[in-house]
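Heads up, the thing below is written out as structure tokens.
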Amino acid sequence: MVFTATFTEANGIDESAGILPRITLSGASGVTNVAMTKSTNLIWTYTWNVPAGNFTSTISIAAADVAGNANTAVTGTRTSFILDDTPPVI
């Protein structure tokens, strides 16, 4: 599964060591504060090897602009999801 974060910061995202956009997935994911991969300065991705099992997870992404201002929480977008790897009964 690929998560894509698209930022709209006019001054760009700070790409200093240790400040790159980072992703955290709660639940059974084991992903905590992991650096994302740059596509462009305003588009970052993270490829997740989905673990087996059924669980609910919540995503959060932390980043800062070049002035050091932290990103604000996403609004109007779903930030949690349910993973269900149980096959259907036919």
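A quick note: this is a predicted structure, and the numbers were derived from the prediction, not measured. Residue numbers start at 1 and run along the sequence shown.
- Val2 and Val31 are assigned to two separate hydrophobic clusters, defined by single-linkage of ILVMFWY side chains at heavy-atom distances under 4.5 Å.
- Nearest heavy-atom pair, Trp48 versus Pro51, reported as atom, atom and distance to 0.1 Å: CZ2-CD, 3.4 Å.
- Listed for the Thr40 side chain is a donor-acceptor partner under 3.5 Å among the backbone atoms of Ile43.
- Atom OG1 of Thr58 is separated from atom CG of Leu25 by 9.0 Å, given to the nearest 0.5 angstrom.
- Residue pairs meeting the salt bridge (charged side-chain N to carboxylate O under 4.0 Å, His left out) criterion with at least one partner in residues 34-59, sequence neighbours excluded, are Glu15-Lys38.
- Note that the CE atom of Met36 and the OG1 atom of Thr47 stand 9.0 Å from one another [nearest 0.5 Å].
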Pair up each side-chain donor or acceptor in residues 82-89 with any protein partner under 3.5 Å, not counting sequence neighbours, and list the distances.
from	atom 1	to	atom 2	distance (Å)
Asp84	OD1	Thr86	N	2.8
Asp84	OD1	Thr86	OG1	3.2
Asp85	OD2	Gly53	N	2.8
Thr86	OG1	Asn54	ND2	2.8

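- Here the straight-line distance linking atom OG1 of Thr6 with atom CD1 of Ile61 works out to 9.0 Å at 0.5 Å rounding.
- In this structure, Arg22 CZ and Ser60 OG are separated by 12.0 Å, a value rounded to the nearest 0.5 Å.
- Taking every heavy atom of both residues into account, Ile13 and Asn41 meet most closely at N-OD1, 2.7 Å.
- Ring geometry, Phe3 versus Tyr46: the interplanar angle falls under 30°, so the pair is classed parallel (tilted spans 30 to 60°).
- Here the rule is side chain to side chain contact (heavy atoms under 4.5 Å, CB included) with Glu9, and of Asp65, Val66, Asp14 only Asp65 fits it.
- Within a 6.0 Å sphere centred on CG of Asn33, other residues, nucleotides and ligands contribute more than 12 heavy atoms.
- Across all their heavy atoms, Leu42 and Gly12 have their closest contact at CD2-CA, 4.1 Å.
- Taken from OG in Ser80 to CD1 in Ile59, the straight-line distance is 10.5 Å, to the nearest 0.5 Å.
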